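Taking it in order: structure first as structure tokens, then the write-up.
All values derive from a computational prediction rather than experimental measurement. Here is the naming used below: chain letters follow the sequence lines, and residue numbers restart at 1 for every chain.
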There are 2 protein chains.
Amino acid sequence: MYRINSGMGHRPPVRMLSAWVRLQRVSQRVLSAVESDLKAAGYPPLAWYDVLLQLKGAGADGLRPLALQSEMLLKQYNLSRLLDRMEGERYLERQPCPEDGRGQIVVITPDGQRLLTRMWPAYEAAIQRQFAAQLTAEETAQLARLLAKLLPR
Amino acid sequence: MYRINSGMGHRPPVRMLSAWVRLQRVSQRVLSAVESDLKAAGYPPLAWYDVLLQLKGAGADGLRPLALQSEMLLKQYNLSRLLDRMEGERYLERQPCPEDGRGQIVVITPDGQRLLTRMWPAYEAAIQRQFAAQLTAEETAQLARLLAKLLPR
DNA sequence: CAAATATATATGCGCCTGCATCTAATTGTC
DNA sequence: GACAATTAGATGCAGGCGCATATATATTTG
């Protein structure tokens with residue numbers, strides 16, 4: 001009995017590498033295709049939608065940046081500046097956090113809610129075109145399952 | 001008979017969206033984890049390795065940027081500047097192209113060859129740790145197959 | 001409770017990316 | 001063969017990201 005992936009000492013193990021390369025290429029391409037569909041429709045980037053959707057889910061209580069961070073797997077400094085930009089466009093508000101003076105509470109504004117609603121059709125069409133249309137329901141589920149295994153913990 | 005993914009008119013279809021979100025999160029996270037492993041080991045980014053590997057495969061004939069572009073699914077201006085940087089570090093050379101005065105031929109240098117060789121162990125370890133170790137051989141193959149369906153053509 | 005340490009978020013700086021546009025060479029048209 | 005259209009590649013500019021570090025508050029420790 002031997003481990004399939006062992007013993008790759010000095011040369012690229014072809015099958016594994018090809019899957020790896022494909023993950024790079026495909027994810028980058030599909031992601032950026034959806035991004036430019038959105039941009040072409042005059043909307044802000046994907047990440048903005050994601051943040052607003054999370055905030056909407058949290059309702060009036062809002063969310064701490066820390067929570068958003070781990071949810072969205074963003075780096076702290078990136079989220080901080082993303083919130084800057086979105087706050088600048090009045091899609092969200094930062095409020096002081098009563099339980100922790102260092103922290104803050106981020107809340108979606110009515111403008112943010114409206115943006116979510118307006119954006120969805122364009123976003124949906126983009127996902128559909130660039131992603132969902134290429135897969136059957138089963139394949140989609142399989143893909144989700146496999147990807148989940150790639151997350152630590 | 002009906003199409004599974006049709007009729008998602010005004011609300012996110014949950015299963016499909018979750019696969020989509022996972023693709024975003026996972027690919028971004030795994031990619032950037034490998035990048036920082038490489039950086040931590042003192043090496044240049046992943047894309048440099050990829051370019052050099054392609055160039056090595058092309059041998060002394062080299063490759064036109066156009067060919068690299070479509071192979072690696074890079075945008076023209078990004079590749080152009082990537083080649084600038086790599087040429088600056090003497091990992092490759094740009095030579096005039098005899099068949100087309102507008103074009104050029106990119107060739108790997110001995111320094112580039114050495115970098116490839118030195119980088120591989122770190123790169124391999126990173127891929128192994130962040131990607132391959134989470135999947136069985138079958139899962140890897142399945143993932144590759146599903147991802148392939150997401151590429152146009 | 002003072003001092004040390006840890007945590008939440010912000011920010012200056014340099015590199016990378018996208019967009020639009022530029023330049024130079026090639027191909028097609030009459 | 002002159003002129004228009006196309007193609008290969010480069011580049012100025014603005015914005016996003018990573019890194020290191022700053023700032024302010026919270027928690028722990030002696």
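Interface remark: the A:Arg81 side chain does form a donor-acceptor pair with the C:dG12 base, using a distance-only criterion of under 3.5 Å. Counting atom types as modelled, A:Gln76 pairs a side-chain N or O with a base atom of C:dA10 as donor and acceptor under 3.5 Å. A donor-acceptor contact under 3.5 angstrom links the side-chain atoms of B:Arg102 to the base of D:dT7.
Ion pairing between B:Asp111 and B:Arg114 holds under the 4.0 Å rule for side-chain N and carboxylate O.
Between the CZ atom of B:Arg64 and the P atom of D:dT7 there is a distance of 14 Å, given to the nearest Å. Rounded to whole angstrom, the span from the CD atom of B:Glu35 across to the C1' atom of D:dC19 amounts to 14 Å. Rounded to whole Å, atom P of C:dA10 lies 14 Å from atom CG of A:Leu74. Across the protein-nucleic acid pair, B:Asn78 atom CG and D:dG15 atom C1' stand 14 Å apart, rounded to whole Å. Going from atom CG of B:Leu68 over to atom C1' of D:dA10 covers 16 Å, rounded to whole Å. The distance from atom CG of B:Leu79 to atom P of C:dC16 is 14 Å, rounded to the nearest whole Å. In this structure, OH of B:Tyr77 is placed 18 Å from P of D:dC13, rounded to the nearest angstrom.
Among C:dT9, D:dT25, D:dA8, the nucleotide with an atom closest to any side-chain atom of A:Gln104 is C:dT9.
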